[in-house]
Visitor: 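Mind looking over this structure? Questions follow.
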Amino acid sequence: MQITQWSKGLSVEVGGGGVVSHVGAALLRLLADRSGLTQALSASVARRGFVPGRDRGRVLVDLAVMIADGGEAIADIDVLRHQGEVFGVVASPATCWRALDEVSDVQVRRISRARAKVRARVWALFGQVPAACAAGRSLGDGLVVLDVDSTIVLAHSDKDGAAATYKHTYGFHPILVTCDNTGELLAIRLRPGNAGANTAADHLDVLGEAFTQVPAAHRRNLLVRGDSAAATHTVLDWLTVQGRNVEYSLGWSIGEAGRAAISALPTAAWSPALSADGGIRDGAQVAELTGLLTLAGWPPDMRVIVRRERPHPGAQLSLFEERDGWRYTAFVTNTTVGALQWLEARHRAHARVEDRIRCAKDTGLGRLPSREFAINTAWCQIAAIANDLIAWLQAIALDGDLAKAEPKRLRYRLLHTAARLVHRQHRRRLRIPSTWPWADQITAAFTRIAAIPAPG
């Protein structure tokens, strides 16, 4: 039959040479070196009087490259290790385990400082940081948007810190902050599965680290977005103390006072809401509740904005919502200018953090390798670096669809590409098949990264 014609005469044997796979992963490794990340990590984890057989900064970067390339377990480092013709010497799985085990709490903080230092250099390479968008237009040049959220990472064995979660699953409950402008994973804190969603101390820790990850020149105009778990007195007071350069847009739980205020709103107070593309969204409206609420004890400049929308079929409504058939959500902000519709659309763009979390789980966060909490904490830091490397690669070296592709698509089209390795005049050259549709984009990316000035 013709449907099996493709396999006629096809056989497999061992003995080929000069062909390597996953050559696109070399882009990430080269980017880590040219950006100064490898050297910075080496210095951050160095210990006085200890000279390892494999430089620990190199090991941590190779782990990050392996995770970005799709690796889910430390043993997956063998994919890079057995292609020494391209990658040179790569540490064994046992050495990788030791490197992660050596990362103490002090070194986690030093790694964070190293990442911040390198990030400043990478953002300088951007020329201009990409603008965050909502409702089909920019939120404004120079505005850096930080999205804070938590997620559940399932555990299928009895690992240290794994516990029952509020979603009736079993695993961990990390909290993280992503940058909406660039897609970077700025900060992550691994927590036991039973950690509270609205624990203020954890929010402050991860937000504080995220602020330090933003280069100093870009901290003059920050917007922090989050859901209602972040809208506690402690977090809002802390954000207010940061000054006028920090705005917030956080979800707000509608209580009895809020329901009474909504009932008191006149029909004229409601304005049409905006859709994701900037047009008018049918069946959705926004209004401000600030003047109808007693907000003693909350920041004086805090505003409460509510949205109502006709629910989709089958949606579960509260008793209050069943009275008039609207579904209500609210958020608080200290932004004093701008139309309510625009502020509400800006807040709803926080939903993109779910895309970032999905990509992070596809890039190291979805599976924690060890039974020990400390090693898994170190793994989360390396996974954050892997997510950053992908974001940097797309911003600096890729165009078109590849510059926006999620990790899985990027791996199939770029990172996992095979090529022939040719040796000539003491030089190595990778030759990608001309029939590969993304061959030109890969070679252009290598050229752009190689042109980055070497770190001093």
Side-chain angles (χ1 to χ4, degrees), residues 25-26 28-69 71 74-78 80-81 84 87-125 184-190 205-206 208-216 364 368-370 372-390 392 449 452-456:
L28 299 171
R29 204 173 193 238
L30 181 61
L31 178 55
D33 292 351
R34 301 298 288 187
S35 66
L37 178 62
T38 308
Q39 300 90 321
L41 290 178
S42 295
S44 68
V45 297
R47 291 184 293 163
R48 183 177 301 176
F50 175 68
V51 182
R54 293 281 182 267
D55 180 88
R56 292 303 190 241
R58 175 84 276 162
V59 174
L60 296 182
V61 163
D62 286 347
L63 276 171
V65 170
M66 178 268 291
I67 291 172
D69 194 45
I74 293 176
D76 292 336
I77 197 70
D78 281 341
L80 302 182
R81 191 164 72 95
F87 296 103
V89 177
V90 177
S92 66
T95 300
C96 293
W97 275 106
R98 286 194 295 271
L100 290 174
D101 190 36
E102 294 166 3
V103 177
S104 64
D105 291 341
V106 172
Q107 288 181 324
V108 167
R109 292 191 291 270
R110 294 175 64 186
I111 288 173
S112 179
R113 289 195 293 268
R115 292 179 61 207
K117 179 181 178 181
V118 175
R119 194 182 315 280
R121 185 169 192 262
V122 172
W123 282 31
L125 295 174
E184 296 163 292
L185 177 49
L186 299 181
I188 181 169
R189 180 184 178 89
L190 185 63
D205 284 347
V206 76
E209 181 180 344
F211 278 26
T212 62
Q213 287 295 317
V214 177
L368 303 180
S370 177
E372 299 181 21
F373 192 84
I375 292 180
N376 288 333
T377 296
W379 174 271
C380 287
Q381 298 301 314
I382 305 307
I385 293 173
N387 281 268
D388 285 354
L389 285 174
I390 290 176
W392 296 348
I449 293 175
I452 296 175

Visitor: Before you tell me yes or no, could you show the steps for Ser44 and Gln107 under side-chain hydrogen bond (donor to acceptor under 3.5 Å, both in side chains), namely the whole-Å CA-CA distance, both residues' side-chain angles and the distance that decides it to 0.1 Å?
Guide: CA-CA 7 Å; Ser44 68; Gln107 288 181 324; over 6 Å; no

Visitor: Is there a side-chain contact between Leu190 and Trp379, using heavy atoms and a 4.5 Å cut-off?
Guide: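 No - every pair of side-chain heavy atoms lies 4.5 Å or more apart.
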
Visitor: Quick one: salt bridge (charged side-chain N to carboxylate O under 4.0 Å, His left out) partners of Glu102, sequence neighbours excluded?
Guide: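 Here the qualifying residues are Arg47, Arg56.
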
Visitor: Can you check whether Ile449 reaches Ser35 side chain to side chain, under 4.5 Å on heavy atoms?
Guide: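 When only atoms from C-beta onward are counted, Ser35 and Ile449 do not touch, as no gap falls below 4.5 Å.
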
Visitor: How would you list, by chain and number, every residue that makes a side chain to side chain contact (heavy atoms under 4.5 Å, CB included) with Thr38, sequence neighbours excluded?
Guide: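 Listed in chain order: Ala32, Asp33, Arg58, Val61.
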
Visitor: Using every non-hydrogen atom in the two residues, find where Arg110 and Ala43 come nearest and quote the distance to one decimal.
Guide: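 Taking every non-hydrogen atom into account, NH2-O, 2.9 Å.
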
Visitor: Just to verify, which of Thr212, Val206, Val214 counts as forming a side-chain contact (heavy atoms from CB on, under 4.5 Å) with Leu186?
Guide: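 The option that passes is Val214.
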
Visitor: Would you call Val59 and Leu41 a side-chain contact if the rule is heavy atoms closer than 4.5 Å?
Guide: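 With C-beta onward as the side chain, the pair stays apart.
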
Visitor: Identify which one of Met66, Arg29, Arg54 satisfies the side-chain contact (heavy atoms from CB on, under 4.5 Å) criterion when paired with Val90.
Guide: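 Checked Met66, Arg29, Arg54 against Val90; only one passes side-chain contact (heavy atoms from CB on, under 4.5 Å): Arg29.
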
Visitor: Specify the closest pair of heavy atoms between Arg115 and Leu185, including all atoms of both residues, with the distance to one decimal.
Guide: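 So the two residues come closest at NH2-O, 2.7 Å.
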
Visitor: Hey, mind stepping through Ile385 and Ile67 against side chain to side chain contact (heavy atoms under 4.5 Å, CB included) and telling me if it holds?
Guide: CA-CA 9 Å; Ile385 293 173; Ile67 291 172; over 6 Å; no

Visitor: Can you measure from CG (Asp101) to CD1 (Ile375) and round to the nearest 0.5 angstrom?
Guide: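 These two atoms lie 4.5 Å from each other.
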
Visitor: With a 4.5 Å heavy-atom cut-off, do Phe87 and Asp62 have their side chains touching?
Guide: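 No, too far: nothing below the 4.5 Å cut-off.
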
Visitor: From Thr95 OG1 over to Leu100 CG, what is the distance, rounded to the nearest 0.5 angstrom?
Guide: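 Going from the OG1 atom of Thr95 to the CG atom of Leu100 covers 11.0 Å.
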
Visitor: Report yes if some heavy atom in the side chain of Leu28 is under 4.5 Å from a heavy atom in the side chain of Trp392; otherwise report no.
Guide: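 A side-chain contact under 4.5 Å is absent here.
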
Visitor: Taking all heavy atoms of Val118 and all of Ala40, pick out the closest pair and write down the distance.
Guide: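 Looking at all heavy atoms of both residues, the closest pair is CG2-CB, 3.8 Å.
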
Visitor: Looking at side-chain heavy atoms only, is the closest gap between Arg121 and Ile452 below 4.5 Å?
Guide: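 Answer yes - side chains close enough.
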
Visitor: Can a donor-acceptor pair be found, under 3.5 Å and without considering hydrogens, that links the side chain of Gln381 to the backbone of Ser112?
Guide: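 No.
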
Visitor: Give me the atom names and distance for the closest heavy-atom approach of Asn376 to Ser370.
Guide: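 Here Asn376 and Ser370 meet closest at ND2-O, 2.8 Å.
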
Visitor: Once rounded to the nearest 0.5 Å, what's the spacing between atom SG of Cys96 and atom CD1 of Ile74?
Guide: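 Interatomic distance, Cys96 SG to Ile74 CD1, rounded to 0.5 Å: 6.5 Å.
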
Visitor: Please report the interatomic distance CG(Asp69) to CG(Leu389), rounded to the nearest 0.5 Å.
Guide: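 If I round to the nearest 0.5 Å, the distance is 11.5 Å.
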
Visitor: Looking at Glu209 and Arg109, does any basic side-chain N land under 4.0 Å from a carboxylate oxygen?
Guide: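 Looking at Arg109 together with Glu209, the answer is no, because their closest N to O distance does not fall below 4.0 Å.
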
Visitor: Please find the pair of heavy atoms, one from Ser92 and one from Ile77, that lie closest to each other, and give the distance.
Guide: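 Heavy atoms only, the tightest pair is C-CG2, 4.2 Å.
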
Visitor: Do you know which two heavy atoms are closest between Pro93 and Arg81, and how far apart they sit?
Guide: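 Shortest heavy-atom separation between Pro93 and Arg81 comes out as CD-NE, 3.9 Å.
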
Visitor: Report the C-alpha separation of Thr377 and Val103 in whole Å, then their side-chain angles, then the decisive distance to 0.1 Å, and conclude whether the side chain to side chain contact (heavy atoms under 4.5 Å, CB included) test is met.
Guide: CA-CA 9 Å; Thr377 296; Val103 177; over 6 Å; no

Visitor: Do Glu184 and Arg119 come within less than 4.5 Å of each other through their side chains, counting heavy atoms only?
Guide: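 Sidechains of Arg119 and Glu184: in contact.
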
Visitor: Quick one: does Ile111's side chain get under 4.5 Å of Leu60's, heavy atoms only?
Guide: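 Yes, their side chains come closer than 4.5 Å.
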
